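Notes to accompany the following structure.
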Amino acid sequence: MNPTRTFSRILATAAFPVMLTALASAQQPAAAPQPGGRGAQTPQVVSPEVRPDRTIVFRILAPQAQNVRVAGGDNPVLAGGGRGAPGGAPSPGQMSKTDDGVWSVTLGPIDPGAYRYNFNVDGVSVIDPRNSAISESNANVWSLVYVPGSDVMDTKQVPHGAVAAVTYYSTALQKFRRMHVYTPPGYETGGNQKYPVFYLLHGAGDCDESWTSVGRAGFILDNLIAEKKVKPMVVVMPAGHTNTTPPGGRGEPPASPLDDFARDFITDVMPFAETHYRVLADRSHRAIACLSMGGSQTLNVAFLHLEQFAYVGVFSSGAQLGGGRGAAPAPGAAPAAAPAVAAPPAVWEASHLANLDNAALKKGTKLIWLSTGVNDGLMPNTKATVEMLKKHGFDPVFHESPGGHTWINWRNYLSEF
């Protein structure tokens, strides 16, 4: 049989239109199942949706939920955790549900930057299941949204460095620990080239990952290096919490100079970083800085070992006070009322006196830089620390910024420092 002739005969018959109709019917998709029925189609949810006008649409599919809201610390629109506005007004983060079970809310416009957030679904805090971007803290994980438009921290078409999560064994604490390390563009192919090293510490409640997620440290360094505002450097971001000696409060490490973090940092973090990475391991090429609790840790370490650090940065913090102030507010919360007069950091001063009064060490100190927001409860601590350093012959740079105790400030401080 000739298949071509057979098909031609079929085309010529009156039955061919009937065949086409049957084939078309067989290829029609099945009717969509009714919402809520067996095999119901799941709505396609996009969250977060950052719009060109810098508003953000948050969405979550939770058809059985009774109450859903979005809350975040540093997000100025969500400050207060979505608990409700003054006077009984609805929380700006309160979400509403459509018939398909999708809850949503549109917020903003919001200033460029990275913001942590979570959903509260009937009292349970959950991350955004449609968002793969997260940020870790010491005992929590957050969803992360980025609003572009910042010259400081946007992802730009420039050479980019790399960030690695590095596990090491702490002989001081007798356990495995983790640090994050940024290496600049070209490090992998740089041969024997060595780089300055910058130790960047986080604050209370955060972890070694925080600076590279919500802090955008890698992108900030990429942009500064591309603009030739800084030299390429290796940035080491250790874990500030040891889980063995809890800090006395936000911005305040234990009173003893030999606290667990300092022992781990001097005994293990610095030797590991400076033997596993190609860095210039001398004072003139070594810096240390951080925020809040980490700022106190920075001063503690730096002024016990000032012969090793030429650059010291303190963000939203100061030397540990002997009293006279409350803890700093949580990021995003309303600023705490600052005490009228801050007590001098006498205990800290006494334990670091040898380095404070060492004239030879002052000559090699290239920069001591402090900045705190005007609405930050730690401002009296910072100012007292500045005055104490001046009393001992140092020349600290102090910058009073707008705002409070938030990542909104700390990213800017990193760039400025």
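If you're wondering where the values come from, they're calculated on a predicted model, not measured in any experiment.
Applying the 6.0 Å contact sphere to CD of Q174 captures more than 12 heavy atoms from other residues, nucleotides or ligands. The number of heavy atoms from other shown groups lying within 6.0 Å of CG (D395) does not exceed 12. No more than 12 heavy-atom neighbours from other residues, nucleotides or ligands sit within 6.0 angstrom of CD on Q64.
To the nearest 0.5 Å, atom CG of residue D376 and atom OG of residue S292 are 7.5 Å apart. The line from OG of S371 to CE of M379 is 7.5 Å long, rounded to the nearest 0.5 Å. A distance of 10.0 Å separates CD1 in I288 from NE2 in H305, rounded to the nearest 0.5 Å. A distance of 10.5 Å separates CG of D154 from CD1 of I220, quoted to the nearest 0.5 Å. Considering NE2 of H160 and OG1 of T155, their distance stands at 6.5 Å, rounded to 0.5 Å. Put simply, CG on L304 and OG on S351 are 6.5 Å apart, with the number rounded to the nearest 0.5 Å.
Proximity of a side-chain donor or acceptor of R69 to a complementary backbone N or O of V121 within less than 3.5 Å is not detected. Without hydrogens or angle criteria, R59 side chain to V46 main chain gives a donor-acceptor distance under 3.5 Å. A donor-acceptor pair under 3.5 Å links the side-chain atoms of R411 to the main chain of A114, judged by distance alone. Distance alone, capped at 3.5 Å, is enough to place a donor-acceptor pair between the N409 side chain and the P402 backbone. Side-chain atoms of T55 never come within 3.5 Å of backbone atoms of R51 as a donor-acceptor pair (strictly under, hydrogens ignored). Listed for the K231 side chain is no donor-acceptor partner under 3.5 Å among the backbone atoms of Y195. With hydrogens and angles ignored, the 3.5 Å screen pairs a side-chain donor or acceptor of Q297 with a backbone N or O of G240. Side-chain atoms of T385 come within 3.5 Å of backbone N or O of N381 as a donor-acceptor pair. With hydrogens and angles disregarded, no donor-acceptor distance shorter than 3.5 Å links the side chain of T183 to the backbone of Y187. Checked by atom type and distance alone, the side chain of Q66 never pairs as donor or acceptor with a backbone atom of D122 at under 3.5 Å.
Residues V102 and I60 are not in side-chain contact: their nearest non-hydrogen atoms beyond the backbone lie 4.5 Å or more apart. Between V163 and V181, every side-chain heavy-atom pair lies at or beyond the 4.5 Å cut-off. Contact check for L361 versus R283: side-chain heavy atoms found under the 4.5 Å cut-off. Inter-residue side-chain proximity for L61 and P43 is flagged as met; some heavy-atom pair is nearer than 4.5 Å. Side chains of W142 and I134 form no contact here, defined as non-hydrogen atoms less than 4.5 Å apart. No side-chain heavy atom of S96 sits under 4.5 Å from any side-chain heavy atom of V105. At least one side-chain heavy atom of F417 sits less than 4.5 Å from a side-chain heavy atom of Y311. The shortest distance between side-chain heavy atoms of L173 and R263 falls below 4.5 Å.
Annotation: salt bridge (charged side-chain N to carboxylate O under 4.0 Å, His left out) contacts involving residues 303-316, sequence neighbours excluded, are absent. Among residues at least two apart or in separate chains, side-chain hydrogen bond (donor to acceptor under 3.5 Å, both in side chains) pairs with a member in residues 123-133 are S47-D128, Y117-D128, Y117-N131.
Summarising the geometry of P184 relative to V234, their closest heavy-atom pair is CD-CG2, 4.2 Å, with the distance given to 0.1 Å. Between S137 and G205, the closest heavy-atom pair is CB-O, 3.1 Å. The two residues V279 and K194 have their closest heavy-atom pair at O-CD, 3.7 Å. Closest of all the heavy-atom pairs between T372 and L378 is CG2-C, 4.3 Å. Here the closest heavy-atom approach between residue G318 and residue V314 is recorded as N-CG1, 3.9 Å. The shortest non-hydrogen separation linking M237 to W211 is SD-CB, 3.7 Å.
Under the salt bridge (Lys or Arg N to Asp or Glu O under 4.0 Å) criterion, E227 pairs with K156, K229, sequence neighbours left out.
Side-chain contact annotation: S316 with W410, donor-acceptor N/O pair under 3.5 Å present. Of the N and O atoms on the side chains of D282 and H285, at least one donor lies less than 3.5 Å from an acceptor on the other residue. Counted by atom type alone, S401 and Y413 present one or more donor-acceptor pairs between their side chains at under 3.5 Å. No side-chain N or O of R216 forms a donor-acceptor pair with one of S415 less than 3.5 Å apart. A side-chain donor-acceptor contact under 3.5 Å links N300 and H352. With no hydrogens or angles considered, no side-chain donor-acceptor pair links Y169 and D268 at under 3.5 Å. Side-chain contact check for S317 and S296: at least one donor-acceptor pair (N or O, by modelled atom type) lies under 3.5 Å.
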Would V50 and V145 count as a side chain to side chain contact (heavy atoms under 4.5 Å, CB included) if you check the C-alpha gap in whole Å, the side-chain angles of each, and the deciding distance to 0.1 Å? CA-CA 8 Å; V50 181; V145 59; 3.6 Å; yes
Would H202 and D208 count as a side chain to side chain donor-acceptor pair (under 3.5 Å) here? Give the steps. CA-CA 7 Å; H202 63 80; D208 56 297; 5.9 Å; no
Would you sort out whether R177 and D264 count as a salt bridge (charged side-chain N to carboxylate O under 4.0 Å, His left out), showing the intermediate values? CA-CA 10 Å; R177 303 259 289 158; D264 177 53; 3.4 Å; yes
CA sep, side-chain torsions, deciding dist, call: L291, W407, side chain to side chain contact (heavy atoms under 4.5 Å, CB included): CA-CA 9 Å; L291 61 96; W407 280 103; 3.9 Å; yes
Run M179 and T167 through side chain to side chain contact (heavy atoms under 4.5 Å, CB included) and show every step you take. CA-CA 7 Å; M179 67 177 80; T167 298; over 6 Å; no
Please determine whether side chain to side chain contact (heavy atoms under 4.5 Å, CB included) holds for the pair I56 and E49, giving the CA-CA distance in whole Å, both sets of side-chain angles, and the decisive distance to 0.1 Å. CA-CA 6 Å; I56 307 175; E49 179 189 352; over 6 Å; no
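Ion pairing between a basic and an acidic side chain is recognised when a charged N comes within 4.0 Å of a carboxylate O; R178 and E209 show no such pairing.
Between F309 and F303, the distance from one ring center to the other does not fall under 6.0 angstrom. In summary, the aromatic rings of W369 and F315 are positioned with their centroids under 6.0 Å apart.
Figure legend: K362 and F394 shown as a cation-pi pair, the cationic atom lying under 6.0 angstrom from the six-membered ring centre and within 45 degrees of its axis.
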